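Below: one structure, written as structure tokens.
In this text the structure is predicted, and so the values were computed from the model without any measurement. By convention in this document, chain letters (A, B, ...) are assigned in the order of the sequence lines, proteins followed by strands, and residues within each chain are numbered from 1.
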There are 2 protein chains.
Amino acid sequence: MTPEPEDSIRAAGLRVTTQRLAVLEALTEFPHADTDTVHQRVRLSQPDITLQSVYVVLAALTEAGLIRRIEPAGSPARYERRIGDNHHHAICTRCGAVQDVDCAVGEAPCLEPSEAGGFVIQTAEVTYWGLCPACQSSTR
Amino acid sequence: MTPEPEDSIRAAGLRVTTQRLAVLEALTEFPHADTDTVHQRVRLSQPDITLQSVYVVLAALTEAGLIRRIEPAGSPARYERRIGDNHHHAICTRCGAVQDVDCAVGEAPCLEPSEAGGFVIQTAEVTYWGLCPACQSSTR
DNA sequence: CACTTATTGTTAGCTATTCATAATAGAGCT
DNA sequence: AGCTCTATTATGAATAGCTAACAATAAGTG
């Protein structure tokens, strides 16, 4: 089903490198990881990769449309492999945990503003802010 | 109608300072200004105010709920005086212009996710991405 | 007007990110 | 398999945006 990472990288016109494969693998394991988390995970298989290279790889994969970058307020940028289905995110205001939220409509823009002051809207990005299950119980 | 800035600052339990008044005035003139823009505007009346002080003032006013901070992806933080009506924003993908978009519902959360993975949702933040009128015409 | 303490000015520092350039390694060709 | 070209990565440095520490100042209270 899911195309092999190697194939999707190649299909995007990019060279297949161990670094890129490792980054995609890291994002599979941590679906909303920030650059630092990706770096740490990738170092398990490639101890010498630099953080800067991780930045470059993430930028290349984002540019190619293989991953998506999200930038929640107050958090460093995060990346995810789930793309193409215009889903949204719930973010915990206490711990920053990110949870995918299916979009009812499915395709962008899932919402049409009543009046957008002449803007031509391409996508609507919805961020739900609240408390994750863990932070609800460990209250206060 | 609109309460005097001085009164709302006092009502929030904060001291009324010329810096805070000037920052609120700047945000009236530039409704989605970033810190730098606020600083430049404030310097017209207070040439010696530092950028750091503007940061502190903006943080204090945000904390007090007198202004709201928005952090669009790829842009420095912006601030606005329009608060309490849970409206949303349309942002130009080319020039970064921000436009208020009324919320159909009015109160947060204006959207309820069908399934939020156990999250207790407090607010829903909607960002519309598109082209502003100016960038539509100056195409390509 | 004096006093107390919130607020601001000053200086320093930090985090997330980008950039320039040299070194390296995919991938097509022979 | 080896060669070559060029995309990609490593290295080192720099930047923007923001926060922190602490001394100087001024708002508000009696």
Side-chain angles (χ1 to χ4, degrees), chain A residues 4-26 32-43 45-64 66-67 69-79 96 98, chain B residues 4-26 32-43 45-64 66-79 96:
Chain A
E4 284 302 311
E6 183 169 339
D7 297 331
S8 48
I9 293 175
R10 212 183 304 275
L14 297 177
R15 289 187 183 169
V16 179
T17 66
T18 53
Q19 290 87 338
R20 286 174 179 167
L21 290 174
V23 164
L24 286 182
E25 195 181 339
H32 302 98
D34 60 14
T35 310
D36 231 58
T37 303
V38 171
H39 183 216
Q40 284 174 34
R41 177 63 185 74
V42 168
R43 273 208 288 192
S45 56
Q46 310 194 30
D48 291 336
I49 194 173
T50 62
L51 180 59
Q52 282 76 359
S53 293
V54 173
Y55 271 107
V56 172
V57 168
L58 287 170
L61 295 178
T62 303
E63 169 82 13
L66 295 182
I67 61 177
R69 173 184 180 136
I70 61 176
E71 302 179 44
S75 150
R78 292 157 174 269
Y79 297 86
V98 179
Chain B
E4 284 302 310
E6 183 169 339
D7 297 331
S8 48
I9 293 176
R10 212 181 304 274
L14 297 178
R15 290 187 183 172
V16 178
T17 66
T18 52
Q19 291 88 336
R20 287 174 177 168
L21 290 174
V23 164
L24 286 181
E25 196 180 339
H32 302 98
D34 59 16
T35 310
D36 230 60
T37 304
V38 171
H39 183 216
Q40 284 174 33
R41 177 62 184 77
V42 169
R43 274 208 287 194
S45 56
Q46 310 194 33
D48 291 335
I49 194 173
T50 62
L51 179 59
Q52 283 72 1
S53 293
V54 174
Y55 271 109
V56 171
V57 168
L58 287 170
L61 295 179
T62 303
E63 170 82 13
L66 296 181
I67 60 177
R68 182 173 151 205
R69 173 185 180 135
I70 61 176
E71 303 180 44
S75 150
R78 291 156 175 270
Y79 297 86

Atom OH of Tyr55(A) and atom C1' of dT8(D): how far apart are they, to the nearest Å? 19 Å
Using whole Å, report how far CG of Leu51(B) lies from P of dT11(C). 15 Å
Protein-nucleotide distance (Ile9(B), atom CD1; dA26(D), atom P), rounded to Å: 17 Å
On the nucleotide dG9(C), are OP1 or OP2 found under 4.0 Å from the side-chain N or O atoms that Ser53(B) carries? yes
What distance do Thr50(A) atom OG1 and Tyr55(A) atom OH have between them, rounded to the nearest 0.5 Å? 11.0 Å
Are there more than 12 heavy atoms of other residues, nucleotides or ligands under 6.0 Å from atom CD of Glu63(A)? no
Name the closest nucleotide to the Val56(B) side chain, picking from dA27(C), dT9(D), dT8(C). dT8(C)
Spatial distance of atom CZ (Arg41(B)) from atom OG1 (Thr37(B)) [nearest 0.5 Å]: 11.5 Å
Got a second to check how far Arg69(B)'s CZ is from Leu58(B)'s CG, nearest 0.5 Å? 8.5 Å
Determine the contact category for Ala77(A): base if any of its heavy atoms lies under 4.0 Å from a base atom, sugar-phosphate if only primed atoms, P, OP1 or OP2 are that close, otherwise nothing. sugar-phosphate
Arg15(A) atom CZ is separated from dA25(C) atom P, nearest whole Å, by 13 Å
Establish, with yes or no, whether the OP1 or OP2 oxygen of dT17(C) is under 4.0 angstrom from a side-chain nitrogen or oxygen of Thr35(A). yes
For the base of dT8(D), is there a side-chain donor-acceptor partner from Arg20(A) under 3.5 Å away? no
Output for pair (Glu4(B) CD, Leu24(B) CG), nearest 0.5 Å, gives 11.0 Å
Taking the side chain of Arg69(B) as its heavy atoms from C-beta onward, which of dT19(D), dG28(D), dG9(C) lies nearest to it? dT19(D)
Between dT25(D) (P) and Asp48(B) (CG): distance, integer Å: 13 Å
Counting the atoms with a prime plus P, OP1 and OP2 as sugar-phosphate, which does Arg78(A) contact under 4.0 Å by heavy atoms, base, sugar-phosphate, or nothing? nothing
Any side-chain N or O of Thr50(B) under 4.0 Å from OP1/OP2 of dT8(C)? no
When rounded to whole Å, the CD to P distance for the pair Glu71(B) and dT17(C) reads 13 Å
Between CG of Leu14(B) and C1' of dT7(C) the distance, given in whole Å, is 10 Å
Just to confirm, is there a sub-4.0 Å distance from OP1 or OP2 of dA7(D) to any side-chain nitrogen or oxygen of Thr17(A)? no
If you assign each of Gln19(B) and Pro76(B) to its closest nucleotide in DNA chain D, which residue comes earlier from the 5' end? Pro76(B)
In whole angstrom, what separates Asp34(A)'s CG from dT17(C)'s C1'? 13 Å
Of the listed dG28(D), dA27(C), dC19(C), the closest approach to the Arg10(A) side chain comes from dA27(C)
